[in-house]
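For reference, the structure discussed in these notes is given below.
Here, residue 1 is the first one in the sequence, and each next residue gets the next number. Predicted model only: the values in this text are computed from it and were never measured.
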Amino acid sequence: DESLFGLNKLKIRADLFRVGYDARMLQEDLKENMVRDPEKSMLRMSRKRDVALTREGGVCCKVTKGVAFEYHILGKFGLASVEPKEEENQ
């Protein structure tokens with residue numbers, strides 16, 4: 001079929017679109033899993049190596065599973081100013 005909008009070409013384009021969409025979804029899932037379960041090389045460890053921080057600010061703790069161990073994210077770490085507000089009547 002040499003026509004621009006042949007039935008086979010439409011099916012192939014639909015398949016290509018679906019494969020591209022699936023690939024994007026897999027990349028998003030992989031990125032989300034890397035944040036949820038980070039690799040040890042991506043962590044900033046404490047001296048005792050029982051607590052770590054991720055680049056995104058996640059706080060991880062060391063969990064022993066049999067003879068191996070892994071790090072589980074507990075939540076996000078944030079900083080805020082603790083200086084008292086200045087009084088207007090000074």
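Rounded to the nearest 0.5 Å, atoms CD (Gln27) and CZ (Arg24) are 9.0 Å apart. The line from CG of Asn8 to NZ of Lys11 is 6.0 Å long, rounded to the nearest 0.5 Å.
Shown are Leu53, Ile73, Thr54; of these, the side-chain contact (heavy atoms from CB on, under 4.5 Å) with Val59 is made only by Leu53.
Relative ring orientation between Phe69 and Tyr71 is described as perpendicular, the plane-to-plane angle rising above 60° on a 0-90° scale split at 30° and 60°.
Scanning all heavy atoms of the two residues, the minimum distance from Lys62 to Arg49 falls at CD-O, 3.4 Å.
Looking at Leu43 and Cys60, their side chains come closer than 4.5 Å, going by heavy atoms from C-beta outward.
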